[in-house]
Amino acid sequence: MKAQNKQIGTPMNRVDGRLKVTGAATYSAEYQLPGLAYAVLVGSTIARGRVSSIDTRAAERAPGALAVITHFNAPKVPGFAKGQNPSQPPTAGQPLQVFQDDKVRFNDQPIAVVVADTYERARFAAGLVKAQYVQEKHQTDMTVGTRQAFQPTQARKNPKSPVADYQRGRADAYQTAPIKLEAEYIIPTEVHHPIELQAVTAHWEAPDRLTLYDKTQGTIRTRNDFAKEWNLPEANVKVIATFVGGAFGNGLHSWPHESAAIMAAKQVNRPVKLVLSREQMFTMVGYRPYTWQKIGMSATPDGKITALTHEATGQTSTYEEFTESTVQQSRMMYAAPNVNTRYRLAALDVSTPIWMRGPGEATGAFALESAMDEMAHQLRLDPLEFRLRNYADQDPENGRPWSTKFLKECYQMGAERIGWSKRPLTPGTLRDGDWLVGYGMGVGTFGAHRSKAQTSARLLPTGTVLLQCATTDIGPGTGTAMTQIAADTLGLPPEKIRFELGNSQFPTAPTQGGSSTVNSVGAAVQEACLALRDKLRQLAAASNSAFAVAQKEDVVLADGYLALTGNPAARANYADLVRQPDDALVTVESKPSEEQKKYSMYSFSVHFAKVRVQPLTGEVRVSKLVSCADAGTIVNLKTAANQMKGGAVGGIGMALMEAATIDNRFGRYITKDLADYHVPVHADAPAVEVLFVNQPDPHVNALGTKGIGEIAIIGVAPAIANAVFNATGKRIRELPITPDKLI
Ligand code: MOS
């Protein structure tokens, strides 16, 4: 009885959807451990200097207070003392070692943590902590920072670093060309702001055994970071992140609040829960760095790009060099002979940024794809036609063939759906009543990354297959996609698959980020299922010789027994095969093959926007968005489309609303909540139409996937900015495009 289901590609509902909407899903702030205490952080009120004294007496005497920890009394953290770097994103420097010295490096840096028996009492007591400072002159202004920009250390040390300067043909060749443009673009600091606040519950189960219920995108990364920090064997640290309520990148790094909670739990000898406030989400868990960019471009009169220069300077902190791939798309998207890129950093008295929503590529695409639109306008060419004339049939960065590239197909599908033929070549000429109407497009790309990943598969005597993997699901529907992959691989209905995730004690997985989970974990799930099927064949072979000589592909997991295609006599009951829980257990490690190095592997997207602009008020309404993706095989049409829509809405935020504003006099953010920091609400988002090419990529993995998460947003902001130009003739090069910039 072979199941006829074909789950991959169907719009299956989320396996955990009911748990989430009924409140039965447990998030990291919701674990009620016996004896739980609550911690609240106190942040500095200056941006740079030293803490000279902290008066904690009132806080210590406050009702329910259990401890107040500052650098004056903090336990020495063994990993800090060794100077180990507890977190290793591709940055140079050292993450903030909280409460270990008197230095203040940014405004709202944690300088104390107050622990009490309830959250309210901890919060009240935290308000009683009074600090005195020796203030130093701070610098938080990027207009100054940009002038003092420097090359990242990793690029200086290694010319092959992805953030090193890049050149093919002549550098800055656009400068001497007759048809050229040179323009500067700015994106402000943007903050992740998932709805779930950053939260951790730290529990020392023994003096050398630590459990963290943590909002993280990587249980293994977090485990390794804190094992190092506390000088513990990795096996003694357990990280649980079964449900994560969005993250957008801020769970890709370990942060001071996690160390503070662990320290506090040690000090009071109770489990401690620490939840950041929305205000602290602006300052303590990363952000998309303010970035200045300049594009120089030249072209022939018939629309061939002859030269492209892309320079970028991103903001970082004084203690870590955060880098991202801001200029990458300019190297590989268009077939220009002369291309060079320069990436620089500006170190300010702010906290460290971290990848956010399509990270550097989304930032870079705003500059590149705006400039493409500007050049097309200068040439009086349709921007889509201009892109087609510069289409790269192989990767111009390294000459390799693409593993797959269906961007032309995306262009065609999207142009048709948005009604691109209605776009006026001359801006400001299309009206709908009082409103100006315009169309714009923007292209996105992101590497189809795959890392090694492990998964275990176990047949339970009931005939259910239990898979386990340490991966997290920050929202894309990982558990659902993996269930579909396992169901298809084993020929079982999805109800017979249970996929468990979010636990560092499960087989190891990469951090969920960079659009790589299905590429990596999906491959491991598929391989684990195949290995399980063969394990079952071997178990059956012990008592039935038909299984010994059978082909692997002929083994069928039927309802209650193992069978063989074409041999109805061959049957082995699961109850006989699985006598001990581990009898039918396999664990595989899946990794990319060397073959992959022959290809350039990227996902591609194009976003088409139609906007309406009210010329008197400068109000911009996105009336339609069409997002098309070449992301290889689409495992789940519903969750994949959800992700594309989410990215598109994030792109609306980037284009029209989001900006964390700092008051440079104090080096302090004045946007402190979601009332001042605007994100798109339902009324700001049109119905987003999502189209997938849905062609498998044979080179990334056997499933044919390439990844969706990042390309969902990369290219959206310039599509909207270009549509605003088409509507109004006003080119806005500094995001967000707020009404004041249009009137
Ligand atoms: Mo993402 S910025 O890879 O969480």
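In listed order, ligands and their atoms are each counted from 1. Keep in mind the model is a prediction, meaning the values are calculated, not measured.
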Exercise for the section: Considering non-hydrogen atoms only, spot the tightest contact between Arg331 and Ala164 and give its length. Expected result: NH2-O, 2.9 Å
Exercise for the section: For Arg288 and Pro359, indicate whether the former's side chain and the latter's backbone hold a donor-acceptor pair under 3.5 Å. Expected result: yes
Exercise for the section: Using a 4.0 Å heavy-atom threshold (strictly under), name the region of Gln217 that reaches ligand 1: side chain, backbone, both or neither. Expected result: side chain
Exercise for the section: May I ask you to identify, for Met356, whether its side chain, its backbone, both or neither come under 4.0 Å of ligand 1 on a heavy-atom basis? Expected result: backbone
Exercise for the section: Give a yes/no verdict on whether any heavy atom in Pro359 is under 4.0 Å from an atom of ligand 1. Expected result: yes
Exercise for the section: Could you point out which residue of Ile708, Thr483, Thr705 forms a side-chain contact (heavy atoms from CB on, under 4.5 Å) with Val635? Expected result: Thr705
Handout entry: Any N or O of Glu710 closer than 3.5 Å to N or O of ligand 1
Key = yes
Exercise for the section: Assess the pair Phe282 and His193: is the distance between their ring centroids shorter than 6.0 Å? Expected result: yes
Practice task
Mark up the atoms of ligand 1 that fall under 4.0 Å of a heavy atom belonging to Gly249, in ascending order.
Solution key: 2 (S), 4 (O)
Problem - Residues which pass side chain to side chain donor-acceptor pair (under 3.5 Å) with Tyr669, listed by chain and number, not counting sequence neighbours - result: none
Handout entry: Atom indices of ligand 1, in the order listed, that fall short of 4.0 Å to a heavy atom of Gly513
Key = 3 (O)
Handout entry: Contact check: Leu252 vs ligand 1, nitrogen or oxygen atoms, below 3.5 angstrom
Key = no
Practice task
Using a strict 4.0 Å threshold on nitrogen-to-oxygen distance, state whether Lys405 and Asp697 make a salt bridge.
Solution key: no
Exercise for the section: Using a strict cut-off of 4.0 Å, indicate which atoms of ligand 1 neighbour a heavy atom of Arg357. Expected result: 2 (S)
Exercise for the section: Give the numbers and elements of all ligand 1 atoms closer than 4.0 Å to a heavy atom of Gly514. Expected result: 3 (O)
Handout entry: Element-labelled atoms of ligand 1 that are located less than 4.0 Å from some non-hydrogen atom of Trp355
Key = 2 (S)
Problem - cation_pi(Lys20, Phe243) dist<6.0 Å, angle<=45 - result: no
